[in-house]
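Only this structure's heavy atoms are used, side chains among them; waters, hydrogens and symmetry mates stay out. Letters A, B, ... mirror the listed sequences (proteins, then strands); counts begin at 1. Since this is a predicted model, take the numbers as computed values, not measurements.
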Amino acid sequence: MGSSPTAIPSGKCSRRRGRPDSWPLSGKTAARAGSPAQGTTAENWSGFCRSASERKPSMGLEEILRDRLGNVLDALTAEGRLTADALRSSRFSVEPPRRGGTGDLATNAALVLARATGQSPRELATSIARCLAEDPWVQSAEVAGPGFVNVALDRAAFFHVLSEILAAGRGYGRAPAATKSRINVEFVSANPTGPLLVSHGRGAILGDVVARLLEATGHRVTREYYINDFGNQVRLLADSVLAIAAGREPPEGGYGGGYVEELGAWFRAHRPDLLEPNRDEERRRQCVLLMLEGIDGSDLLGIRPMLRAVGIEFDVWSSEEALHRWGRVDRALRDLAARDRLRTAEDGAVYFVTGDEDDKDRVVKKSNGDYTYFASDIAYHEDKLGRGFERLLNLWGADHHGYVARLRSAIESFGGDANAFEVVLFQLVKLVRDGREVRMGKRLGNLITLQEVVEEIDEAVGNPHAGRDALRVFYLSRRADTSIVLDLDLAKRQEAENPVFYIQYGHARLASIQRRAAERFGIQTPRYTDALARYVTHPLELSIIADLGRYPAVLEDAAVGRDPHKLVFYLNGLAQSFQSYYSQTKKDRDTILPGDSDLVAGKAEQWNWDRTRGRLLWVDAIRTVYSSGLAILGLDAPERMVRPTAEDDGELGDADG
RNA sequence: GCGCCCGUAGCUCAGUUGGAUAGAGCGGCGGCCUUCUAAGCCGCGGGUCAGGGGUUCGAAUCCCUUCGGGCGUGCCA
């Protein structure tokens with residue numbers, strides 16, 4: 001250990017005084033990456049001290065305070081005020097204070113520990129506050145309410161956070177790549193028998209961002225699309241195409257609609273041979289290919305290009321048909337039979353004999369000899385596990401939730417790790433048009449495609465990513481397990497009311513400040529120095545630094561909970577804080593850069609350019625977090641926003657000059 | 001019937017591993033553009049956290065129960 005370890009003070013509060021000039025953290029940091037956000041067990045505090053250079057790379061104010069608090073609690077333990085047992089078994093929070101609370105952070109440590117040791121919460125809180133107040137990194141600490149301790153940290157803590165963000169740059173908040181587990185994220189997997197619908201969009205966007213979050217927090221992610229290209233539905237599609245190409249009605253239960261006609265036309269033009277009755281297999285395969293890839297120059301965009309248009313790429317496209325062709329389904333069933341988990345009914349149907357997970361046996365092979373979807377799903381998950389993933393994450397619509405139990409039971413029965421299997425269920429999307437719910441059905445001919453909605457928003461806003469971004473923000477702003485209502489009329493005309501613009505506007509303003517600094521005043525964002533950072537003193541500036549320090553924990557929390565909406569809410573709050581600061585300082589004539597009117601009448605000479613440089617550091621730090629967050633959500637981070645003007649409404653302005 | 005999810009402001013939703021006076025957006029009302037972008041900012045109004053009971057210093061959060069909504073409970077995918 002290079003520097004001297006921070007000794008656990010015995011009996012008294014830490015005696016260090018004065019402003020710290022080097023970072024004195026003991027390294028006994030709080031919540032490690034794998035167990036984010038929530039309280040910390042005291043074990044984190046009781047280890048040996050490490051040198052400061054081993055500290056966690058990104059440390060927010062919370063982690064700093066946890067560290068200081070750890071010293072205090074150790075001291076109180078040494079005094080006999082607390083027991084090691086109580087410390088070990090208790091979890092306490094370090095959070096921004098509730099409304100009305102003072103200071104930068106609050107902790108309920110005294111409330112939690114008092115219970116474990118039978119003391120009065122307020123009395124314990126008073127001791128904690130008194131000790132904390134003597135810590136050089138703490139400006140003040142006071143007891144509030146039933147026993148919370150509100151803490152104001154020294155400026156140095158804020159500057160430390162600022163410098164870490166700037167030092168980390170684009171990597172800030174992210175864990176080192178591919179340092180954690182290998183995760184397979186399977187999502188969308190919509191049948192290739194029709195175009196993607198708006199309802200598929202939720203699973204697509206949710207899965208994509210969960211994958212991005214997992215990558216950002218250090219996991220190795222494979223995005224996978226499972227193509228159900230086997231069985232009845234594909235056969236029906238191919239038969240429908242055959243019928244339509246021959247000018248007949250599609251068969252009972254078959255498919256209709258424009259895209260089937262596009263397929264029919266394609267076959268007539270390019271592969272009429274596949275319309276022969278004995279070419280069923282090849283025709284089926286070709287249909288799937290066209291559904292996935294689309295037909296150039298037609299309205300059939302294709303599933304893969306559509307997903308790409310909303311910013312989603314897959315690493316692996318798995319074929320159910322291939323699993324059958326390779327005998328994997330047979331093999332899986334043989335495995336299950338060998339383990340005595342199959343039984344055959346009198347009519348020939350084969351059942352999977354369930355374990356404790358599910359409440360009844362499920363058919364894997366029908367009495368007519370066909371396999372069920374469940375059978376290939378077992379083989380598919382066996383295959384995924386065989387590829388070495390430590391976790392199989394599946395995003396399913398809530399209407400599939402009945403499959404969770406049976407599949408888990410099956411995985412367990414063939415000896416797989418059932419704990420590796422995880423399903424995120426998302427509730428379905430209810431569509432509303434003209435104030436009424438739209439019941440979609442392929443026979444009703446009212447399928448509302450993802451493409452349609454995205455393109456219409458693009459067109460209405462006049463920006464090629466508007467539809468993608470609007471839909472992303474809409475879907476990502478809600479928890480997966482709440483059902484949501486998509487008002488199509490609203491969605492297609494949400495130019496100004498769309499929350500996506502709010503988030504993007506904040507980024508554009510940051511970019512605009514940097515642009516003005518460079519172009520008008522020739523100032524680039526400087527390198528971080530403590531001297532410049534000391535100009536960052538505005539309360540709103542410091543408060544935003546506290547928010548920025550929270551970003552790594554937000555990512556971790558969102559990733560662990562598979563909750564992209566937490567990142568959306570965080571960014572929205574950051575946007576709000578910055579917009580508020582921007583307006584406030586403008587009103588107070590305390591802006592980062594001189595306005596045009598500041599440049600006249602000798603005012604320019606009085607301008608404090610060092611303060612400007614210091615604040616540009618701060619601006620850059622915000623932008624760093626901002627653009628990182630937008631990237632993880634798959635949203636554009638525009639350099640400037642072109643505000644729609646009144647003339648743009650209604651009339652096509654340019655046409656009339 | 002059984003299982004899972006949900007019920008929070010007029011509307012759409014956060015907050016749910018128990019903590020301070022339950023929040024945001026939209027909508028409503030009232031202010032703010034000669035200054036770094038007003039797609040913005042500030043303020044006001046708005047609540048039996050579906051109802052009831054319990055657990056405790058403390059419950060929107062945990063337990064029980066009732067009601068309401070969605071989904072599942074297929075030899076469909």
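The side chain of A:Y505 lies closest to B:A38, out of B:A38, B:A20, B:A77. Here B:A20 is the nucleotide among B:C36, B:A20, B:U37 with the atom lying nearest to any side-chain atom of A:A144. For A:K366, counting side-chain heavy atoms from C-beta on, the closest listed nucleotide (B:A24, B:A77, B:A20) is B:A77. Nearest to the side chain of A:N572, among B:U37, B:C71, B:A24, sits B:A24.
Using a cut-off of 4.0 Å between Lys/Arg side-chain N and Asp/Glu carboxylate O, A:E62 and A:R550 are scored as salt-bridged. Using a 4.0 Å cut-off between charged nitrogen and carboxylate oxygen, A:R235 and A:D229 do not count as a salt-bridge pair.
Judged as a ring-ring contact (aromatic ring centres under 6.0 Å, His included), and not counting sequence neighbours, A:F426 has no contacts. Qualifying salt bridge (Lys or Arg N to Asp or Glu O under 4.0 Å) partners for A:E95, counting only residues two or more places apart in sequence or in other chains: none. Every residue was checked against the side-chain hydrogen bond (donor to acceptor under 3.5 Å, both in side chains) condition with A:D399, not counting sequence neighbours, and none meets it. For A:R611, the salt bridge (Lys or Arg N to Asp or Glu O under 4.0 Å) criterion is met by A:D590, not counting sequence neighbours.
Here the C1' atom of nucleotide B:U37 and the CD atom of A:E519 are 14 Å apart, to the nearest Å. Going from atom CZ of A:R122 over to atom C1' of B:A20 covers 11 Å, rounded to whole Å. Atom CZ in A:F474 sits roughly 21 Å away from atom P in B:A24 (whole-Å rounding).
For B:C33, the O4'-C1' to base torsion is within 90° of 0; the nucleotide is therefore syn.
On a pure distance criterion of 3.5 Å, no polar donor-acceptor pair joins the side chain of A:H400 and the base of B:G72. Residue A:Y403 places a side-chain atom within donor-acceptor reach of the base of B:A77, judged by atom type and a 3.5 Å distance cut-off alone.
Spacing between B:C62 and B:G30 at atom P, rounded to whole Å, works out to 42 Å. Across the C1' atoms, B:C41 and B:U48 are found 35 Å apart, a figure rounded to whole Å. Taking atom C1' on both B:C6 and B:U21, the two are 28 Å apart, rounded to the nearest angstrom.
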Below 3.5 Å between N/O atoms, which protein atoms pair up with nucleotides 13-15 of chain B? Just atom names and distances, please.
residue, atom, partner, partner atom, Å
B:C13, OP1, A:S483, O, 3.2
B:C13, OP1, A:V485, N, 3.4
B:A14, OP1, A:R479, N, 2.6
B:A14, OP1, A:T482, OG1, 3.2
B:A14, O3', A:H565, NE2, 3.4
B:G15, OP1, A:H565, NE2, 3.0
B:G15, OP2, A:R479, NE, 3.2

Detail all sub-3.5 Å separations between protein N/O atoms and N/O atoms belonging to nucleotides 41-43 of chain B.
residue, atom, partner, partner atom, Å
B:C41, OP1, A:Y502, OH, 2.5
B:C41, O4', A:S583, OG, 2.8
B:C42, OP1, A:S580, OG, 2.9

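Within the 4.0 angstrom heavy-atom criterion, only backbone atoms of the sugar-phosphate kind lie near A:A398; the bases stay farther away. Among the protein residues, A:T193 comes within range of no part of the nucleic acid, since none of its heavy atoms lies under 4.0 Å from any strand. Within the nucleic acid shown, A:A106 comes within 4.0 Å of at least one base atom, counting heavy atoms only.
For the residue pair A:Y380 / A:E224, a side-chain donor-acceptor distance below 3.5 Å is found, with atom types taken as modelled. Between A:E320 and A:S376, the side chains place a donor N or O and an acceptor N or O closer than 3.5 Å (distance only, hydrogens not considered). Counted by atom type alone, A:Q233 and A:Y255 present one or more donor-acceptor pairs between their side chains at under 3.5 Å.
Inter-residue side-chain proximity for A:Y371 and A:V364 is flagged as unmet; no heavy-atom pair is nearer than 4.5 Å.
Within the shown strands, B:G43 is the pairing partner of B:C29 under the Watson-Crick or G-U definition, both distances less than 3.5 Å.
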